[in-house]
Amino acid sequence: MALKERLRTWKRLFWLLILFALGLLGLYLYGLPVIRHLEVLIPMGVCPSARMALLRDNFTGLLHPWARPEVLTCTSWGAPIIWDGTFDPAVAQREALQQNLTIALTVFAVGRYLEKYLARFLETAEQHFMVGQRVVYYVFTERPDAVPRVALAPGRLLRVERVARERRWQDVSMQRMHTLHEALGGRLGREARFVFCMDVDQYFHGAFGPEALAESVAQLHSWHYRWPRWLLPYERDARSAAALAPGEGDFYYHAAVFGGSVAALRGLTAHCAQGQRRDRELGLEARWHDESHLNKFFWLHKPAKVLSPEFCWSPDIGSRAEIRRPRLLWAPKEYALLRD
Ligand code: UDP
Ligand code: MN
């Protein structure tokens with residue numbers, strides 16, 4: 001009997017070890033682009049044709065989701081997922097001009113992120129971001145004098161706002177929600193109709209136009225858009241304000257790009273800043289900082305529009321047929337150099 005019992009224990013241990021080794025092997029192989037590429041075989045789901053027929057964009061009118069049968073073009077709550085080929089950029093451009101919009105683009109460049117990324121971010125934004133529209137950039141930094149002078153096209157202007165420098169990079173990242181909330185309640189909020197909030201460690205590579213605008217806009221994370229939901233890196237500690245329970249969550253959104261109307265973003269930034277404050281009081285910090293809180297917000301308040309990973313692509317993933325024309329590309333991360 002005792003022998004049988006011991007045998008069973010060994011057997012269990014053996015299988016656990018095998019599982020562990022397979023897990024390690026999986027992690028290792030995931031580092032290889034060829035293996036990672038197999039991800040495209042994971043189904044994304046399909047947009048039901050009845051819903052497809054109704055998909056509209058607030059600027060282009062009816063969308064053409066059937067132009068991209070290989071990817072998911074709508075969400076379960078009926079929001080469009082904007083992929084290249086599903087909209088007519090010229091129509092969006094005309095419509096936005098008719099509405100005489102001012103579109104704001106906010107970006108933070110604190111510490112060494114300023115020298116490393118800001119010039120390229122702004123220069124490429126001039127080439128690709130809402131070209132032909134009225135645009136106001138808001139750069140938040142602790143060193144306004146160091147902001148590079150970038151030649152701006154007519155109808156575009158740049159404002160620099162001074163912020164205090166947080167000691168930890170996590171705090172710089174999280175503090176953005178509070179700062180944006182205040183700014184949206186001030187001149188930024190009065191000046192702009194729509195606002196995009198972005199990370200600085202990326203650059204524009206293709207046209208990022210009014211087809212991206214909506215009441216609230218979330219960005220599919222390029223590393224996670226094909227992963228099954230249970231694998232997504234949401235905050236799981238139930239004590240955190242950002243926590244999602246198993247079975248919760250629609251997509252994993254990237255905090256490097258989000259946008260919407262001033263009112264919607266006032267709500268979003270208030271929610272995230274408050275969640276972060278609550279966590280801090282409990283001695284907690286969500287797994288991916290502001291991004292975890294953003295994901296919680298979009299779970300509770302579904303975005304009106306979702307941008308495909310084409311809008312913010314990581315070249316490290318390698319090229320994929322379904323990523324036709326990346327609009328933003330991640331710049332190389334050099335954390336050792338940038339973060340203290
Ligand atoms: N950031 C900054 N200085 C810092 C840390 C962060 O300006 O010391 C800003 C910057 O805009 C950056 C964003 O906060 O793009 C988010 O941080 P990071 O890009 O390092 O986070 P990741 O994208 O790697 O998660
Ligand atoms: Mn970033």
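Both ligands and their constituent atoms are indexed starting at 1 by order of listing.
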Quiz item: What is the closest protein heavy atom to atom 20 (O) of ligand 1, and at what distance does it sit?
Solution: Tyr113 OH, 2.5 Å

Exercise. Using only heavy-atom distances, determine whether the side chains of Gln99 and Glu95 contain a donor-acceptor pair under 3.5 Å.
Key: yes

Quiz item: Which class fits the ring pair Phe208 and Phe129: parallel under 30°, tilted 30 to 60°, perpendicular over 60°?
Solution: tilted

Quiz item: For ligand 1, which atoms, with element, lie under 4.0 Å from some heavy atom of Ser173?
Solution: 16 (C)

Quiz item: Tell me: protein heavy atom nearest atom 9 (C) of ligand 1, and distance?
Solution: Phe108 O, 4.0 Å

Quiz item: Would you call Arg176 a ligand 1 contact, heavy-atom distance under 4.0 Å?
Solution: yes

Exercise. Would you mind checking which non-hydrogen protein atom is closest to atom 1 (N) of ligand 1, with the distance to 0.1 Å?
Key: Val172 CG1, 3.7 Å

Quiz prompt | Atom indices of ligand 1, in the order listed, that fall short of 4.0 Å to a heavy atom of Ala109 | solution = 7 (O)

Quiz item: Got Leu220 and Tyr253 here, is their nearest side-chain heavy-atom distance under 4.5 Å?
Solution: yes

Quiz item: Taking only protein atoms, how many N, O or S atoms are found under 2.8 Å from the Mn ion (ligand 2)?
Solution: 3

Quiz item: When rounded to the nearest 0.5 angstrom, what distance separates CD in Gln219 from CZ in Phe311?
Solution: 8.0 Å

Self-check item: Minimum-distance protein heavy atom relative to atom 24 (O) of ligand 1
Solution: Tyr335 OH, 2.3 Å

Quiz item: Between Tyr252 and Tyr234, how do the two ring planes meet: parallel, tilted or perpendicular, split at 30° and 60°?
Solution: tilted

Quiz item: Between Asp199 and Arg176, is there a side-chain N and carboxylate O pair less than 4.0 Å apart?
Solution: yes

Quiz item: Hey, what's the ring geometry for Tyr117 with Tyr113, parallel, tilted or perpendicular (30° and 60° as the breaks)?
Solution: tilted

Quiz item: Is there a heavy atom in Ala256 that sits closer than 4.0 Å to ligand 1?
Solution: no

Self-check item: Contact with ligand 1 for Arg339, non-hydrogen, under 4.0 angstrom
Solution: yes

Practice problem: May I ask you to decide if the ring planes of His224 and His221 are parallel, tilted or perpendicular, using 30° and 60° as cut-offs? | Solution: tilted

Quiz prompt | Salt bridge flag under 4.0 Å for residues Glu115 and Arg143 | solution = yes

Self-check item: Salt-bridge present (Glu322, Arg324; N to O < 4.0 Å)
Solution: no

Exercise. Using non-hydrogen atoms of the residue, decide whether Trp288 is closer than 4.0 angstrom to ligand 1.
Key: no

Quiz item: Which protein non-hydrogen atom lies closest to atom 22 (P) of ligand 1, naming both residue and atom, and how far is it?
Solution: Lys333 NZ, 3.5 Å

Practice problem: Assess Asp201 for proximity to ligand 1: is some non-hydrogen atom of it under 4.0 Å away? | Solution: yes

Exercise. State plainly whether one hydrophobic cluster holds both Met198 and Val163, where clusters connect Ile, Leu, Val, Met, Phe, Trp and Tyr through side-chain heavy atoms under 4.5 angstrom apart.
Key: no

Quiz item: Parallel, tilted or perpendicular: which describes the rings of His271 and His301, with under 30° parallel and over 60° perpendicular?
Solution: perpendicular

Quiz prompt | Gln133/Gln93 under side-chain hydrogen bond (donor to acceptor under 3.5 Å, both in side chains): CA gap, chis, key distance, verdict | solution = CA-CA 8 Å; Gln133 308 289 337; Gln93 184 73 359; 3.3 Å; yes

Practice problem: Heavy-atom contacts with Val200 under 4.0 Å: which atoms of ligand 1 show up? List them by number with element. | Solution: 10 (C), 11 (O), 15 (O)

Quiz item: Has Gly111 got any heavy atom lying under 4.0 angstrom from an atom of ligand 1?
Solution: no

Quiz item: Any idea which protein heavy atom is nearest atom 3 (N) of ligand 1, and the distance to it?
Solution: Val110 O, 2.8 Å

